[in-house]
Amino acid sequence: MNIKKINKDKLLAQKKKYIFLLTIMALGILAGILFVFFISSEDKTLLLDNLNGFFTSIKENKLNYTDSLINSISANLLSILLIWLLGISVIGIPFILCFLVFKCFVLGFSISSILVNYGFKGILVAFSYVFPHQLLYLVMWLLLSFYALSFSCKLFCLLFLKKNINLKEHFRKYLKILLICLVSSCLISLFEVYVTPHLIKLFIF
């Protein structure tokens with residue numbers, strides 16, 4: 001009975017953490033969507049020019065796939081390593097949450113920018129921009145952030161609350177999560193660079 005209760009408590013605690021992180025992500029996306037409506041007309045014009053330039057390069061096949069792939073992989077790997085390293089520090093929790101909010105804010109801002117500037121005909125473009133690689137990125141950031149926060153909390157309990165925690169076992173799991181995210185990030189980047197532009201091109205105006 002005690003083991004069942006402990007397992008139930010662990011599942012409940014994990015569920016609460018996921019709900020908390022999902023709420024944070026939803027707020028970040030919502031803030032990004034709303035932010036478009038508060039920027040100046042000059043910024044909106046600049047944003048429209050950037051979007052037009054991006055879509056034109058896709059339409060005319062002017063994208064440099066090699067450079068795009070290198071930039072995508074390097075940016076993602078650096079972000080993953082940063083979050084992972086923050087997880088092995090006690091003070092990393094607020095930075096991890098800020099990073100997660102920022103990633104979701106950028107996604108919400110990107111989607112809203114496309115819809116605001118292109119209206120109804122931008123819906124399919126926004127959908128192809130999000131699905132599936134951006135959703136896979138969100139799942140990856142959610143998973144990494146969850147384990148980073150969990151490991152940081154366990155480290156805090158071990159150092160300051162003197163709880164009996166098998167840190168080596170948790171660190172091995174945490175290291176596996178790092179490897180999974182690194183591999184997943186590379187695969188998603190390949191899809192983002194070599195497949196997503198062709199999906200967008202199908203619905204480009």
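What's counted below: heavy atoms across the whole structure, side chains too, no hydrogens, waters or symmetry copies.
- Using a 30° and 60° split on the angle between ring planes, F105 and F109 fall in the parallel class, below 30°.
- For S189, the side chain to side chain donor-acceptor pair (under 3.5 Å) partners are S72, N76, Y137, not counting sequence neighbours.
- Of the possible donor and acceptor atoms, none in the side chain of S112 sits under 3.5 Å from a partner among the backbone N and O of G108.
- Heavy-atom contacts from other residues, nucleotides or ligands closer than 6.0 Å to CZ of F35 number 12 or fewer.
- Contact record, C181 with M140: O-SD, 3.5 Å, taken as the closest heavy-atom pair.
- With sequence neighbours left out, the side chain to side chain donor-acceptor pair (under 3.5 Å) criterion links D49 to no other residue.
- Around atom CD1 of I19, more than 12 heavy atoms belonging to other residues, nucleotides or ligands sit under 6.0 Å away.
- Checking side-chain atoms of T196 against main-chain N and O of V193 turns up no donor-acceptor pair under 3.5 Å.
- Between the side chain of S74 and the backbone N or O of N71 there is at least one donor-acceptor pair closer than 3.5 Å.
- Taking the side chain as every heavy atom from C-beta outward, L63 and I58 approach each other to under 4.5 Å.
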Q. Yes or no on side-chain contact (heavy atoms from CB on, under 4.5 Å) for L21 and L149, after CA distance, side-chain angles and deciding distance?
A. CA-CA 10 Å; L21 290 176; L149 292 173; 3.4 Å; yes
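- A 4.5 Å side-chain heavy-atom check between L48 and Y118 finds at least one atom pair inside the cut-off.
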Q.
For L144 and I177: C-alpha separation, side-chain torsions, deciding distance, then whether side-chain contact (heavy atoms from CB on, under 4.5 Å) applies.
A. CA-CA 7 Å; L144 181 60; I177 293 299; 4.2 Å; yes
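- In this structure, W84 has its ring center at least 6.0 angstrom away from the ring center of F151.
- Within the 4.5 Å cutoff, side-chain heavy atoms of L97 are placed close to those of F20.
- F99 and V106 fall into different hydrophobic clusters, where Ile, Leu, Val, Met, Phe, Trp and Tyr residues are linked whenever their side-chain heavy atoms come under 4.5 Å apart, directly or through other members.
- For the atom pair L167 CG and I88 CD1, the distance stands at 10.0 Å (nearest 0.5 Å).
- One distance of note links OG1 of T45 with CD1 of I39; it measures 9.0 Å at 0.5 Å rounding.
- Considering all non-hydrogen atoms of both residues, Y129 and Q134 come closest at O-CG, 3.2 Å.
- For F191, there are no ring-ring contact (aromatic ring centres under 6.0 Å, His included) partners, not counting sequence neighbours.
- Annotation: side chain of C104 is not in contact with side chain of W141 (no heavy-atom distance under 4.5 Å).
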Q: Give the C-alpha distance, both sets of side-chain angles, the deciding distance and a yes or no for side-chain contact (heavy atoms from CB on, under 4.5 Å) between L202 and S128.
A: CA-CA 9 Å; L202 293 175; S128 59; over 6 Å; no
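- Taken to the nearest 0.5 Å, the CD atom of E60 stands 14.0 Å off from the CZ atom of F55.
- Residue L115 is not grouped with residue L46 when hydrophobic side chains (ILVMFWY) are merged at heavy-atom distances under 4.5 angstrom, including chains of intermediate members.
- L85 and F102 fall into different hydrophobic clusters, defined by Ile, Leu, Val, Met, Phe, Trp and Tyr side-chain heavy atoms under 4.5 Å apart, directly or through other members.
- Shortest non-hydrogen contact noted between K154 and H170 is CE-CE1, 3.1 Å.
- Between C153 and I93 the shortest side-chain heavy-atom distance falls below 4.5 Å.
- Connection of L155 to F160 is established within a shared hydrophobic cluster, with ILVMFWY side chains joined at heavy-atom distances below 4.5 Å, either directly or through further cluster members.
- Side chains of L143 and Y147 form a contact here, defined as non-hydrogen atoms less than 4.5 Å apart.
- Residues L27 and V101 fail the side-chain proximity criterion, which asks for heavy atoms closer than 4.5 Å.
- Separation of atoms CD1 (I70) and OG1 (T66) is listed at 6.5 Å; rounding is to 0.5 Å.
- Separating the CD1 atom in I96 from the OG atom in S145 is a distance of 6.5 Å, to the nearest 0.5 Å.
- Atoms CG and NZ, on N117 and K44 in that order, are 8.5 Å from each other to the nearest 0.5 Å.
- Under the 4.5 Å side-chain contact rule for hydrophobic residues, V36 and I123 share a cluster.
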**Q.** L142 and L138: CA distance, side-chain angles, deciding distance, side-chain contact (heavy atoms from CB on, under 4.5 Å) verdict
**A.** CA-CA 6 Å; L142 173 63; L138 287 184; over 6 Å; no
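- The closest side-chain heavy-atom distance from S79 to K103 is below 4.5 Å.
- Under the 3.5 Å distance criterion, the side-chain polar atoms of S152 are matched with a main-chain donor or acceptor of S89.
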